[in-house]
Asks: 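Questions regarding the structure given below will be posed in turn.
All chains are named by letter (A, B, ...) in the order of the sequence lines, taking the proteins before the strands, and each is independently numbered beginning at 1. In this text the structure is predicted, and so the values were computed from the model without any measurement.
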Amino acid sequence: MRSKGTNHNTTFGDKVLLLLLVFLSVYSFIFIKEVMPEGSDIRIEAAGKLLYTLPIHINKTVEVNGPLGTTVVEIRDSRVRIKESPCNNKICVHEGWVRSGAIICLPNRVIVSITGKANKKHEDIDGITG
Amino acid sequence: MESQDKYRVALLSSYALALHGFETLIPSPIPWLRLGLSNIVTLVTLYQYGMKPALMVTLIRVVLGSLFLGTFLGPAFFLSLGGGLAGAFSMGIVITLFPGLFSPLGLSLIGALFHNTAQLFIAYLFFIQRIDAIILVAPVLIAAGTLTGAINGIAARYLVIEIQKADRESPSPMTGT
């Protein structure tokens, strides 16, 4: 089988395929965010050690110490945020309130993650395509 | 197989192998996330010599690459084998059934998609068995595959154009020199 012609410009098929894949990528991220169960426990780790495991429904402010100083973690209304941090860029603080996933402050080595499967409202998925 | 074809397959396999090895030196944010540069060679082989040589190049690259990297018969080897063959097969089938529908860019995107899908299947069937973990990883792989597939496809396009230009200028078949 020799080469298939000499024209290798982007075809209509290429464009449609690329658009479809970009759409699929974006949509699958949104889909995952919707489908993944929200957690029940908040784990707070500093400098590689697990310091607290707290239920998400309590309202509490916790202070943990990392290499740079004190990071303040606030839990309220089943959400969690890093309220104050001694780090420079404050990415963790700007993340704001989260209900699932994790907030990680690398400079101060603080990891706040939400785990567990108490909230099972999405459990009735019966099929996934794509 | 003629001796010249054997020579071509050996040469192309060594190119693929070099890219495969080089790629492991590039730091990646996630360990199993790779550029898939050797897919450029698979794609060029497919364009120039057809499906069977492309599959052979992929097979040789995966087996020898795993021997060199010390992952032979380990999980990484089976993921690499399944992904590589699925990518080469999918591109070969598409180019045979619909010649001209896609340029190397489109074919590379198809290859990347099937490569990643096959890897997810193999990972689920043999290694992880947790569908939630697989579903969680899938969007990352689809997005990364689209990006790297596009980059590799563009690289393969330029390579194919140059090789065919060289082919026309000299009557003897291009052997990769």
Side-chain angles (χ1 to χ4, degrees), chain A residues 1-41 43 91 98-102 104-106 111 113-130, chain B residues 43-54 92 94-96 98-113 116-117 131-150 153-154 156-165 167-168 173-174:
Chain A
M1 184 162 58
R2 268 325 219 145
S3 62
K4 311 266 177 192
T6 49
N7 184 11
H8 300 299
N9 292 328
T10 309
T11 63
F12 179 70
D14 286 349
K15 288 174 192 163
V16 172
L17 182 68
L18 188 62
L19 267 176
L20 262 174
L21 282 173
V22 169
F23 177 77
L24 183 67
S25 307
V26 174
Y27 185 76
S28 59
F29 273 107
I30 297 166
F31 179 77
I32 291 300
K33 234 179 143 56
E34 290 289 313
V35 157
M36 278 294 132
E38 289 175 18
S40 61
D41 286 332
R43 290 159 56 93
I91 292 171
V98 301
R99 289 176 182 275
S100 58
I104 297 165
C105 178
L106 276 180
I111 301 173
S113 55
I114 304 170
T115 57
K117 281 185 183 173
N119 190 345
K120 291 188 175 178
K121 66 175 176 181
H122 292 301
E123 211 184 34
D124 52 348
I125 304 160
D126 52 25
I128 288 158
T129 59
Chain B
L43 200 47
V44 170
T45 313
L46 190 64
Y47 258 86
Q48 293 299 99
Y49 308 112
M51 188 155 165
K52 205 177 151 196
V94 169
I95 202 175
T96 310
F98 313 103
L101 179 60
F102 298 111
S103 79
L105 171 63
L107 281 172
S108 177
L109 287 170
I110 290 168
L113 182 68
N116 289 333
T117 312
I131 197 73
D132 54 337
I134 298 288
I135 292 169
L136 206 58
V137 170
V140 185
L141 272 183
I142 294 169
T146 305
L147 186 68
T148 60
I154 291 164
R157 168 192 293 170
Y158 282 114
L159 210 52
V160 169
I161 289 171
E162 287 303 313
I163 290 170
Q164 293 186 347
K165 206 194 278 175
D167 255 357
R168 280 196 299 276
M174 157 77 196

Asks: What residues, two or more places apart in sequence or in another chain, satisfy salt bridge (charged side-chain N to carboxylate O under 4.0 Å, His left out) together with B:Lys165?
Replies: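 In terms of salt bridge (charged side-chain N to carboxylate O under 4.0 Å, His left out), with neighbours along the sequence ignored, B:Lys165 is linked to B:Glu162.
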Asks: Roughly how far, to the nearest 0.5 Å, is CD1 of B:Ile110 from CG of B:Leu101?
Replies: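 One finds 7.5 Å between CG of B:Leu101 and CD1 of B:Ile110.
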Asks: Using the side-chain contact (heavy atoms from CB on, under 4.5 Å) criterion, which residues pair with A:Phe29? Sequence neighbours excluded.
Replies: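 A:Phe29 satisfies side-chain contact (heavy atoms from CB on, under 4.5 Å) with B:Pro139, B:Val140, B:Ala143 once adjacent residues are dropped.
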Asks: Where on B:Ile154 is there a heavy atom nearer than 4.5 Å to chain A: the side chain, the backbone, both, or neither?
Replies: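 Interface part for B:Ile154: neither.
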Asks: Pick from A:Leu18, A:Val16, A:Leu21: which one has the most heavy-atom pairs with chain B under 4.5 Å?
Replies: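 Counting heavy-atom pairs under 4.5 Å, the top option is A:Leu21.
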Asks: With chain A, which of B:Leu107, B:Leu147, B:Thr146, B:Thr117 has the greatest number of heavy-atom pairs at distances under 4.5 Å?
Replies: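 Most heavy-atom pairs within the cutoff with chain A belong to B:Thr146.
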Asks: Are any of the side-chain heavy atoms of B:Tyr47 and B:Leu159 separated by less than 4.5 Å?
Replies: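 Of all side-chain heavy-atom pairs linking B:Leu159 with B:Tyr47, none is under 4.5 Å.
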